[in-house]
Number of protein chains: 2
Amino acid sequence: MPNSPPDNLELLRSEIASRYDELSPRLKQVASFVLDNPNDIALETLAVNANRCDVQPSTIVRFAKVFGYSGASEMQRLFRDEILAAAPSPSYSERIRQFQERSDTVDWLLPYNVMREFAESNIIALEHLRDAVRKDDLDRSLELMHGAHTIYLAGVRRAFPVAAYLAYSLSHVEKRAFLLDGIAGMTAEQSWMLGPDDLVIAVSFKPYASETMAVVERSSANGAPVIAISDSRLSPIAKDANVCFEIKDAEVRQFRSLTASMCLAQTLVISYAYKFGLDRSAEK
Amino acid sequence: MPNSPPDNLELLRSEIASRYDELSPRLKQVASFVLDNPNDIALETLAVNANRCDVQPSTIVRFAKVFGYSGASEMQRLFRDEILAAAPSPSYSERIRQFQERSDTVDWLLPYNVMREFAESNIIALEHLRDAVRKDDLDRSLELMHGAHTIYLAGVRRAFPVAAYLAYSLSHVEKRAFLLDGIAGMTAEQSWMLGPDDLVIAVSFKPYASETMAVVERSSANGAPVIAISDSRLSPIAKDANVCFEIKDAEVRQFRSLTASMCLAQTLVISYAYKFGLDRSAEK
DNA sequence: AAAGAATTGGAAAATATATTCTAAATTGTT
DNA sequence: AACAATTTAGAATATATTTTCCAATTCTTT
């Protein structure tokens with residue numbers, strides 16, 4: 001009946017709400033189910049949804065047609081897109097893609113624009129981090145940190161600032177922490193000494209550094225637990241890790257940021273300080 | 001081959017990660033797509049997912065079988081259930097109520113809350129940065145960077161990661177850059193050598209480090225231009241600086257973040273690369 | 001370099017799912 | 001209470017999607 005059906009979920013929801021009264025009994029059943037269980041509509045088949053609201057599949061099709069769609073599938077598309085676009089986790093890549101498309105038109109020769117673009121994508125990365133980090137991983141990390149006599153930080157090149165920050169701030173909350181900095185090629189030697197009493201936090205991103213891989217492999221073989229901060233579960237350092245954080249940092253035209261990784265690092269240190277609050281002093 | 005397939009997403013993910021190496025090339029493609037885009041697997045048809053990772057639909061079926069499922073559909077069920085479980089009963093009004101409740105009292109003993117809180121404040125800091133940085137400061141910085149034969153980075157303690165990042169990424173856009181790292185107490189000696197052809201980018205925050213102050217003073221006296229990244233115009237390193245960025249980083253209960261500073265650092269490097277685009281290679 | 005093994009692409013078959021259609025049931029009207 | 005109009009159930013049909021299977025290709029081994 002309506003000329004053009006609502007083309008986003010929010011519109012559809014209010015349309016359903018406002019026309020609720022004119023609907024027939026069965027269609028009302030469908031209406032309230034649809035409003036209350038968007039995820040079921042998105043993910044389950046017509047048959048099971050029909051069953052859930054105690055209705056025939058064909059009734060749901062009729063419902064969709066009443067609101068102007070060609071069928072239930074077309075309406076379902078809206079619900080699926082909502083999850084893909086706005087859902088907690090991995091709308092991420094899609095958002096980034098859209099964002100980058102949009103930014104194709106900005107003038108990259110103006111530093112001011114670069115700044116704005118960069119701030120924007122870092123914000124997106126942080127939002128993603130906030131929603132995607134798993135409670136459980138954080139808890140387990142804190143336990144590992146608490147149990148460790150000393151924490152060793154591994155990370156070179158792009159990952160180095162993160163490792164350096166961890167070393168610095170951990171020692172400021174009075175946790176013994178050393179940076180495996182590989183000065184004079186010492187890294188290999190240094191990792192010999194690590195054992196079950198210690199903990200390695202290894203940070204490594206895409207073209208994974210062999211130094212960091214070696215540290216993880218060796219210390220893990222010696223029985224030292226490992227927390228990995230990396231960009232993929234498939235990362236070589238994720239393999240042997242007891243906990244692996246998968247961080248999707250912002251990427252703007254080839255350049256990858258560290259914002260999300262730094263934020264995670266801060267979270268680990270501060271949570272640790274609060275939970276086992278030996279510190280008091282904290283960093284100034 | 002495996003007796004019983006993983007029956008929850010997390011298990012499946014780690015199973016995929018750990019067996020990644022033994023997979024054939026096409027199956028690897030599928031594996032990383034599956035890990036990176038769980039929502040697509042949950043919501044899109046085999047055909048479109050196959051297309052997205054540039055593979056035949058049948059390959060995805062084979063992938064699912066390798067991990068013990070009867071077919072792709074059975075595996076997809078896991079991904080769908082994950083979404084359904086994440087939002088148990090997201091009735092609209094209920095969701096809003098929960099959201100409003102959330103921000104009232106946060107329990108800081110729960111790392112998860114710390115993470116959320118931290119991400120939020122970093123986002124705010126970035127928004128501030130985006131709006132507060134002066135066009136003119138950026139332009140002048142780029143000119144100084146362009147004019148310099150070599151850029152030297154100064155920053156210790158909390159500021160060290162920022163300086164390290166700048167050194168790393170500048171050299172990746174083919175700008176000569178050295179970190180004045182003060183190893184073996186060399187900082188003083190190193191800064192003797194700086195002159196009008198060089199540039200110092202100094203990073204320093206609240207309890208200002210004397211090392212960094214010394215570098216700025218001495219090199220500036222020798223005629224080297226200085227860009228300061230600091231938290232106040234009154235900072236000792238701002239005095240002698242040609243350009244001073246005043247960065248208000250997030251502060252959560254005593255702990256200061258580096259997010260905004262890192263973002264500014266990235267902006268400088270990337271703008272430089274675009275404007276004077278010597279790079280081409282960039283960082284990978 | 002050839003033979004065998006494993007992997008892959010793609011079309012055909014099977015299955016699952018959505019849609020249509022008609023007869024039955026319900027509702028409202030006189 | 002009878003009739004028309006509307007709504008509904010459910011089987012039949014159409015469509016979409018997945019799965020299977022085999023030929024083509026690529027990789028290994030000798």
Side-chain angles (χ1 to χ4, degrees), chain A residues 1-2 5-6 12 16 19-34 37-84 234, chain B residues 1-2 5-6 12 16 19-34 37-81 83-84:
Chain A
M1 193 194 300
L12 174 57
I16 293 175
R19 291 177 54 189
Y20 184 79
D21 288 336
E22 6 167 319
L23 297 175
S24 70
R26 287 285 115 109
L27 293 190
K28 276 183 180 140
Q29 272 173 250
V30 176
S32 55
F33 182 82
V34 165
N37 308 78
N39 284 344
D40 287 283
I41 298 294
L43 290 162
E44 305 286 4
T45 72
L46 220 40
V48 349
N49 280 321
N51 194 58
R52 294 251 169 98
C53 48
D54 202 27
V55 137
Q56 289 291 322
S58 54
T59 306
I60 299 184
V61 175
R62 264 185 297 122
F63 178 86
K65 293 197 167 182
V66 164
F67 287 91
Y69 302 101
S70 68
S73 300
E74 196 184 341
M75 182 177 77
Q76 187 183 43
R77 187 76 250 164
L78 252 58
F79 288 82
R80 297 189 158 180
D81 287 346
E82 176 78 4
I83 292 176
L84 287 172
L234 304 177
Chain B
M1 190 195 301
L12 174 57
I16 293 175
R19 291 177 54 191
Y20 184 77
D21 287 335
E22 4 166 321
L23 298 176
S24 69
R26 286 285 114 109
L27 293 189
K28 277 185 178 136
Q29 271 173 250
V30 177
S32 51
F33 182 83
V34 165
N37 308 77
N39 281 350
D40 287 287
I41 297 295
L43 291 162
E44 305 286 4
T45 71
L46 221 40
V48 348
N49 281 321
N51 195 56
R52 295 249 169 99
C53 49
D54 201 28
V55 136
Q56 289 291 321
S58 54
T59 305
I60 300 184
V61 175
R62 263 184 295 123
F63 178 86
K65 294 197 166 181
V66 164
F67 286 91
Y69 302 100
S70 67
S73 300
E74 197 185 342
M75 181 178 78
Q76 188 184 41
R77 189 74 252 166
L78 251 59
F79 287 82
R80 297 190 158 179
D81 288 345
I83 293 176
L84 289 171

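Here is how names work: the chains are called A, B, and so on, in the same order as the sequence lines, proteins then strands, and each is numbered from 1. In what follows, every heavy atom counts, from backbone to side chain, and hydrogens, waters and symmetry copies are set aside.
- Within the model, atoms CG of A:L43 and CZ of B:F79 stand 12.5 Å from one another, a figure rounded to the nearest 0.5 Å.
- Taking both residues in full, the closest heavy atoms of B:G71 and B:V61 are given as CA-CG1, 4.5 Å, listed atom of the first, atom of the second, then distance.
- Annotation: proximity of residues 54-63 of chain B to DNA chain C (heavy atom, distance under 4.0 Å) is found for B:Q56, B:S58, B:T59, B:R62, numbered in ascending order.
- Close approach of DNA chain C to chain B, defined as any atom under 4.0 Å from a non-hydrogen atom of the protein, starts and stops at C:dT7 to C:dG10.
- Atom CD1 of residue A:I41 and atom CG of residue A:L46 lie 8.0 Å apart, to the nearest 0.5 angstrom.
- Listed by first then second residue, pairs satisfying salt bridge (charged side-chain N to carboxylate O under 4.0 Å, His left out) with a partner in residues 67-79 of chain A read A:R77-A:D81, A:R77-B:E44, not counting sequence neighbours.
- Residues satisfying the side chain to side chain donor-acceptor pair (under 3.5 Å) criterion with B:R52, sequence neighbours excluded, are B:D40.
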Summary of protein contacts for nucleotides 22-27 of chain D, nucleotide by nucleotide, where a base hit scores B, a sugar-phosphate-only hit scores S (4.0 Å, heavy atoms): ------

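- Annotation: the span from B:S73 atom OG to B:L78 atom CG amounts to 12.5 Å, rounded to 0.5 Å.
- Considering only residues two or more places apart in sequence or on other chains, A:I16 meets the side chain to side chain contact (heavy atoms under 4.5 Å, CB included) condition with A:L12, A:A31, A:V34, A:L35, A:F63, A:F67.
- Going from atom CD of A:Q76 over to atom OG1 of A:T45 covers 8.5 Å, rounded to the nearest 0.5 Å.
- As a whole-Å value, the separation of B:Q76 CD from D:dT18 P is 6 Å.
- With rounding to the nearest 0.5 angstrom, the CZ atom of B:R80 is 11.5 Å from the CE atom of B:M75.
- Qualifying salt bridge (charged side-chain N to carboxylate O under 4.0 Å, His left out) partners for A:D21, counting only residues two or more places apart in sequence or in other chains: none.
- With rounding to the nearest 0.5 Å, the separation of CD1 in A:I83 from CD1 in B:I83 is 4.5 Å.
- Applying the side chain to side chain contact (heavy atoms under 4.5 Å, CB included) test to B:T59 and every residue at least two apart in sequence or in another chain returns B:R26, B:L27, B:V30, B:V55, B:Q56, B:R62.
- DNA chain C lies under 4.0 Å from at least one heavy atom of each of the following residues of residues 21-31 of chain B: B:S24, B:P25, B:R26.
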